[in-house]
There are 2 protein chains.
Amino acid sequence: MAVTMNDVAKAAGVSLKTVSNVINNYEFIRPATKQRVLDAIDELGYETNLTARSLRSGKTKMLGLVLADLSIPYYAELASDIMKAAWSRGYRVLVEQSGNEAEHEKAALQGQFRSLTDGLLFIPLTLGAQQIIDAAGKKPLVLLGEFVQDPRLDMVLIQNHEAAAAVTTHLLAGGRRRIAVLGADDGETTGSAGLRLSGYKAALADAGVEYDPALVVRCEWRRDGGAGAVARLLDSGADFDAVFGLNDALALGALHELLVRGKRVPEEIAVAGFDDIEEARFASPSLTTVAPGRAEIAERAVELLIERIEGNMAAPEVRQLQAAFELRVRKSAT
Amino acid sequence: MAVTMNDVAKAAGVSLKTVSNVINNYEFIRPATKQRVLDAIDELGYETNLTARSLRSGKTKMLGLVLADLSIPYYAELASDIMKAAWSRGYRVLVEQSGNEAEHEKAALQGQFRSLTDGLLFIPLTLGAQQIIDAAGKKPLVLLGEFVQDPRLDMVLIQNHEAAAAVTTHLLAGGRRRIAVLGADDGETTGSAGLRLSGYKAALADAGVEYDPALVVRCEWRRDGGAGAVARLLDSGADFDAVFGLNDALALGALHELLVRGKRVPEEIAVAGFDDIEEARFASPSLTTVAPGRAEIAERAVELLIERIEGNMAAPEVRQLQAAFELRVRKSAT
DNA sequence: TACTTTGTCTGCAACGATGTATTTCACCAG
DNA sequence: CTGGTGAAATACATCGTTGCAGACAAAGTA
């Protein structure tokens with residue numbers, strides 16, 4: 001059997017509660033007593049049973065993180081940052097993969113996953129604001145960067161519109177006029193895709209360049225999606241001199257397909273992405289993209305969530321933060 | 001306050017214990033009673049408090065996973081697979097990033113992290129077998145794929161030697177004779193680096209090609225490490241017609257640097273890696289590499305660990321499994 | 001009829017910590 | 001010497017489950 005507080009208490013000749021007090025840094029303990037307890041802890045190799053503490057205190061010191069899939073580089077990198085941010089504040093992170101399915105997202109918002117965590121960081125992909133509000137329990141919840149915008153929810157936002165506009169403006173400045181967009185529907189206006197598309201449109205309008213819906217291609221936000229979309233564009237004989245992948249995976253897939261097809265990048269066709277994943281820097285040619293402020297998002301989201309958990313949840317003023325983005329100009333679109 | 005078993009019991013007009021029995025599928029319960037309890041659960045929206053269950057039962061239904069960093073694609077992809085494998089068996093995974101530091105690895109083996117999990121999947125990078133055995137508690141532990149080999153520990157192994165030999169043989173078959181190796185020390189014989197290096201040497205020997213220590217470059221197993229290593233090779237005027245990165249990140253970094261320097265790949269210099277991360281398929285040119293059986297490793301490791309957790313731990317026969325590997329020939333080295 | 005067996009359900013204690021309320025004690029002012 | 005004060009330590013209940021032992025019918029056996 002494991003060593004318990006009781007064992008320590010006996011060894012140190014104090015009450016169980018005093019041991020608890022020492023461990024929790026209770027203010028009023030005589031240094032001598034404290035030392036005696038500490039020695040006993042050392043000697044017996046005692047370690048607090050976190051499960052018991054959780055049951056009693058109602059806190060687990062764990063944050064939940066719901067994302068589509070860790071095998072997607074952007075999420076993996078974000079998760080890594082979030083775990084570090086949480087760790088430095090004494091929290092652990094329990095990751096749940098939604099696989100981009102509504103059922104899984106809903107399950108993560110409610111249910112037992114919640115009971116294991118003190119609060120949730122959630123990157124919604126299929127659920128809308130109302131569904132989230134309906135499904136979510138009472139525990140703190142912070143939405144991340146992507147899909148949903150709603151005045152009733154705490155969130156840390158990516159500047160989807162502005163950053164996409166910046167990318168587009170950069171392509172336009174390079175003399176490109178026929179910029180294909182990968183990963184959106186022509187009519188889309190909400191979610192990451194919609195917001196980024198609207199940024200693209202706004203930049204075109206600013207530059208007096210006409211918007212051509214034929215250059216907007218719907219596909220999965222993965223490398224193979226990007227590759228397939230570009231293949232279809234080329235096969236259809238569409239005329240374009242640049243490709244804007246709404247995330248880096250799309251852009252990298254497109255880049256690959258273009259090169260395979262013998263197109264020169266950026267001479268014939270420029271390519272730009274969105275996310276600035278590590279891979280972008282080492283692509284050949286290196287990928288021009290926009291860094292949405294991943295580290296800042298992780299940091300602020302964790303901070304905000306923990307504030308909600310530990311602070312008076314009574315202060316119900318919704319907080320919505322925006323991360324600063326930064327254009328990263330590289331070889332694929334100079 | 002949350003709904004407890006007691007509330008359900010009252011609502012259903014049975015004892016608390018009966019509710020517990022229903023939830024745990026105890027055999028002898030009259031269907032009518034069972035239904036009444038189930039209805040009450042539904043009506044009240046009861047959900048088991050996992051913390052309380054853990055405290056009482058001593059099981060958390062969580063597996064720990066210790067790896068260097070989720071931002072490294074291979075680990076992220078492996079983690080994703082592991083989480084899915086665990087999920088399908090009713091377990092969750094709690095990830096801990098060691099940051100490749102001995103202190104963190106040790107901390108994860110002992111301490112509170114252990115108490116949150118029923119067993120541990122561990123990818124050791126700095127700790128040796130003896131240190132692991134000394135540090136580890138009594139809970140089940142399965143080592144993954146990489147570093148350590150020891151008859152006293154359960155593990156699922158990558159065929160480092162054989163797979164590296166296969167890659168080297170492939171390069172040799174393509175007519176390459178001066179194959180640089182990135183990510184190892186000349187003298188190294190243990191760990192992933194040592195084992196892969198020895199596979200490389202063996203393949204050379206088999207082909208009657210002389211081993212040149214000057215072609216073995218030590219560096220960090222990251223993209224920038226690979227890029228830097230190749231840069232140093234080129235600057236030193238070394239003569240080589242192929243590069244074998246001991247993992248894909250190294251190879252991709254090297255590939256990038258070679259192309260930046262105007263080398264033609266694979267015509268002048270072939271490049272091959274190890275791991276077959278998703279990114280390898282979409283590099284330009286696509287990366288020849290070896291798939292170490294990631295999905296199988298995840299599956300078997302989880303299976304083995306859960307077997308240890310749930311089975312009689314009394315059966316102390318150490319199990320060491322090997323995953324099948326597969327060479328993936330692509331454009332960077334045909 | 002009396003006694004076991006089987007099925008169904010219940011009560012109590014316990015997992016290992018923390019919150020609240022309370023007690024003990026030392027110290028100092030009046 | 002008493003009373004008041006605050007520091008230091010303690011007692012007890014409690015968080016929400018599950019393990020264990022037992023109660024109590026109904027059914028089977030002798």
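Chain identifiers are assigned alphabetically (A, B, ...) following the order of the sequence lines, protein sequences preceding nucleic acid strands; residue numbering begins at 1 within each chain.
Within 4.0 Å of A:Leu50, counting heavy atoms only, lies no atom of the nucleic acid at all. If you check every strand for non-hydrogen atoms under 4.0 Å, B:Thr33 touches sugar and phosphate atoms only. At a threshold of 4.0 angstrom between heavy atoms, the contacts of A:Thr48 are confined to the sugar-phosphate backbone, with no base atom among them.
Although no hydrogens or angles enter the test, the distance criterion places no donor-acceptor pair under 3.5 Å between the side chain of A:Glu96 and the main chain of A:Ala108. With B:Asn24 contributing its side chain and B:Tyr26 its backbone, the two residues share no donor-acceptor pair below 3.5 Å.
Two residues are said to be in side-chain contact when any heavy atoms from C-beta on lie closer than 4.5 Å; A:Val95 and B:Val93 fail this criterion.
Mapped onto DNA chain C by nearest heavy atom, B:Lys34 and B:Leu55 fall at different nucleotides, with B:Lys34 at the one closer to the 5' end.
Non-hydrogen atoms lying under 4.0 Å from DNA chain D are contributed by B:Ser20, B:Asn24, all within residues 18-30 of chain B.
As rounded to whole Å, 7 Å separates atom P of C:dC15 from atom CZ of B:Arg56. Rounded to an integer number of Å, the gap from A:Asp7 CG to C:dC15 P is 11 Å. Distance CZ (B:Arg36) to P (C:dT10): 8 Å, rounded to an integer number of Å. Summarising the geometry, the separation between CG on B:Asn49 and P on C:dC15 is reported as 18 Å, rounded to the nearest angstrom. The distance between atom CG of B:Leu116 and atom C1' of C:dC15, rounded to the nearest whole Å, is 16 Å. For A:Asn6 and C:dC15, the CG to P distance is 9 Å, given to the nearest whole Å. Atom NZ in A:Lys17 sits roughly 11 Å away from atom C1' in D:dA11 (whole-Å rounding). When the C1' atom of D:dT18 is taken as reference, atom NZ of B:Lys59 falls 14 Å away, rounded to whole Å.
Here the options are A:Ile23, A:Val3, A:Asp7, the test is side-chain contact (heavy atoms from CB on, under 4.5 Å), and the partner is A:Ile41; only A:Ile23 passes. If you run salt bridge (charged side-chain N to carboxylate O under 4.0 Å, His left out) between B:Arg89 and each of B:Glu307, B:Glu303, B:Glu310, only B:Glu303 comes through.
No more than 12 heavy-atom neighbours from other residues, nucleotides or ligands sit within 6.0 angstrom of CD on A:Glu43.
Considering only side-chain N and O atoms, B:Thr4 lies nowhere under 4.0 angstrom from the phosphate OP1 or OP2 of D:dG16.
Relative to the side chain of A:Met5, the nucleotides C:dA17, D:dT10, D:dG19 differ in distance, and C:dA17 lies closest.
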Can you give me every donor-acceptor pair (side chain of residues 29-38 of chain B, partner residue at least two apart or in another chain, under 3.5 Å) with its distance?
from    : atom 1 : to      : atom 2 : distance (Å)
B:Gln35 : NE2    : B:Asp39 : OD1    : 3.0
B:Arg36 : NH1    : B:Ala12 : O      : 2.7

